[in-house]
K.L.:
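Structure below; questions to follow.
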Amino acid sequence: MMITIGITGGVGAGKSTVLDFLEEKYQAYVMKADEIGHLVMEPGQSCYEPVIALFGRQIIKNDKTIDRRQVSDVVFSHPELLEKLNQIIHPAVKQYIREQLAVKKQQRQKICVVEAALLLEDHYQEFCDTIWYIHTDEEIRIRRLMENRGYTREKSVSIIASQAPETFFRENADYVVVNNGDFAQTRRQIEEGIRKYETL
């Protein structure tokens with residue numbers, strides 16, 4: 001029996017720490033929506049031509065790949081283009097994940113993990129058996145963003161404020177993992193979450 005865990009949480013929550021542990025200890029097959037979003041824009045992939053059609057040929061780099069930095073600069077100041085870009089990318093990412101899950105099920109993979117910032121907003125729960133919310137106190141998240149990404153405090157605060165509030169995550173998640181920096185504690189919660197399924 002395969003179990004698919006959807007993992008979400010705000011920026012700076014340390015989701016990758018949780019993903020790495022699941023991969024290492026449980027040989028989970030991990031898919032990150034962000035990375036797949038890049039993949040579907042590669043030459044020959046489903047979103048390559050539609051994205052070029054949307055932004056124009058000037059976004060093609062010499063090696064034929066799409067200049068993602070240029071795209072993000074444009075959408076930053078044009079929300080309506082961001083909306084159109086998302087309408088191209090999001091369905092393709094979900095389709096890719098669904099196909100991978102079908103393959104992994106045939107390969108008798110035990111645990112698949114799907115991580116996406118907008119997991120709930122984009123209805124990934126359609127193909128996840130359970131949704132885990134990685135919670136980290138706001139002050140710790142601000143500190144992590146400042147240390148790991150070099151953001152100012154103001155930028156960190158505004159990014160966090162632009163995301164869904166904690167109540168939204170908690171209301172829609174099946175399980176909460178608190179990841180405030182004591183990894184032994186985080187690990188225990190992950191193990192407990194997995195144990196629920198090993199007994200099924």
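Quick caveat: nothing in here was measured; it's all calculated off a predicted structure. Residue numbers count from 1 along this sequence.
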K.L.:
Counting only pairs under 3.5 Å, give me each side-chain donor-acceptor contact of residues 12-20, with atom names and distances, residues two or more places apart or in other chains.
P.N.:
residue: Lys15; atom: NZ; partner: Gly9; partner atom: O; Å: 3.0
residue: Lys15; atom: NZ; partner: Gly10; partner atom: O; Å: 3.1
residue: Thr17; atom: OG1; partner: Gly14; partner atom: O; Å: 3.4

K.L.:
Can you name the nearest heavy-atom pair linking Val11 to Arg141, along with the distance?
P.N.:
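In terms of heavy atoms, the two residues are closest at O-NE, 2.8 Å.
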K.L.:
What residues, two or more places apart in sequence or in another chain, satisfy ring-ring contact (aromatic ring centres under 6.0 Å, His included) together with His135?
P.N.:
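In terms of ring-ring contact (aromatic ring centres under 6.0 Å, His included), with neighbours along the sequence ignored, His135 is linked to Tyr133.
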K.L.:
In terms of side-chain heavy atoms, does Asn180 have a donor or acceptor partner in Thr136 at a distance below 3.5 Å?
P.N.:
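No, Thr136 and Asn180 have no side-chain donor paired with an acceptor closer than 3.5 Å.
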K.L.:
About how many Å separate NE2 of His38 and CD1 of Ile89, when rounded to the nearest 0.5 Å?
P.N.:
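Rounded to the nearest 0.5 Å, the CD1-NE2 separation comes to 9.0 Å.
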K.L.:
Starting at CD1 of Ile97, measure out to NZ of Lys32 and round the result to the nearest 0.5 Å.
P.N.:
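Spacing of CD1 (Ile97) from NZ (Lys32) equals 12.5 Å.
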K.L.:
Between Asp174 and Ile131, is there a donor-acceptor pair closer than 3.5 Å when you use the side chain of the first and the backbone of the second?
P.N.:
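Indeed, once roles are kept as given, a pair shorter than 3.5 Å links the two residues.
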K.L.:
CD1/Ile66 to NZ/Lys61 distance, rounded to the nearest 0.5 angstrom?
P.N.:
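The CD1 atom of Ile66 sits 10.0 Å away from the NZ atom of Lys61.
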K.L.:
Is the shortest side-chain heavy-atom distance between Ile7 and Leu119 below 4.5 Å?
P.N.:
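Not touching, per the 4.5 Å side-chain cut-off.
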K.L.:
Indicate whether any N or O donor in one side chain lies under 3.5 Å from an N or O acceptor in the other, for Gln87 and Lys84.
P.N.:
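Not at all, the side chains of Gln87 and Lys84 share no donor-acceptor pair under 3.5 Å.
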K.L.:
Within 45° of the axis and under 6.0 Å from the centre of the six-membered ring of Phe21, does NZ or CZ of Lys25 qualify?
P.N.:
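No, Lys25 does not sit over the ring of Phe21.
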K.L.:
List the atom of Ile160, the atom of Ile142, and the distance in Å for their closest heavy-atom pair.
P.N.:
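Nearest pair, atom of Ile160 first, then Ile142: CD1-CG1, 3.7 Å.
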K.L.:
Would you compute the distance between atom NZ of Lys105 and atom OH of Tyr29 and round it to the nearest 0.5 angstrom?
P.N.:
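Going from NZ on Lys105 over to OH on Tyr29, the span is 16.0 Å.
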K.L.:
Is there side-chain contact between Thr130 and Thr4, with at least one heavy-atom pair below 4.5 Å?
P.N.:
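Side-chain contact under 4.5 Å: no.
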K.L.:
Indicate yes or no: does Glu166 engage Arg170 in a salt bridge with an N to O separation below 4.0 Å.
P.N.:
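Arg170 and Glu166: salt-bridged.
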K.L.:
Which residues end up grouped with Leu118 if you chain together Ile, Leu, Val, Met, Phe, Trp and Tyr wherever their side-chain heavy atoms are less than 4.5 Å apart?
P.N.:
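Cluster partners of Leu118: none, it stands alone.
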K.L.:
Within the distance-only criterion (no hydrogens, no angle test), does the side chain of Gln109 pair as donor or acceptor with the backbone N or O of Gln27 below 3.5 angstrom?
P.N.:
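Side chain of Gln109 to backbone of Gln27, a donor-acceptor pair under 3.5 Å: yes, one is there.
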K.L.:
Look at atom CG of Asp63 and say whether more than 12 heavy atoms of other residues, nucleotides or ligands are closer to it than 6.0 Å.
P.N.:
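Atom CG in Asp63 is crowded, with more than 12 foreign heavy atoms closer than 6.0 Å.
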K.L.:
Under the ring-ring contact (aromatic ring centres under 6.0 Å, His included) rule, collect the residues that match up with Tyr124, sequence neighbours excluded.
P.N.:
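So Tyr124 forms a ring-ring contact (aromatic ring centres under 6.0 Å, His included) with Phe127.
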K.L.:
Who are the ring-ring contact (aromatic ring centres under 6.0 Å, His included) partners of Tyr48, not counting sequence neighbours?
P.N.:
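Scan of Tyr48 (ring-ring contact (aromatic ring centres under 6.0 Å, His included), adjacent residues dropped) gives none.
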K.L.:
Does the Asp137 side chain pair with the main chain of Ile140, one donor and one acceptor, at a distance under 3.5 Å?
P.N.:
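Not confirmed, Asp137 side chain does not pair with Ile140 backbone.
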K.L.:
Just to verify, what does Phe168 make a ring-ring contact (aromatic ring centres under 6.0 Å, His included) with, not counting sequence neighbours?
P.N.:
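Expected list: none.
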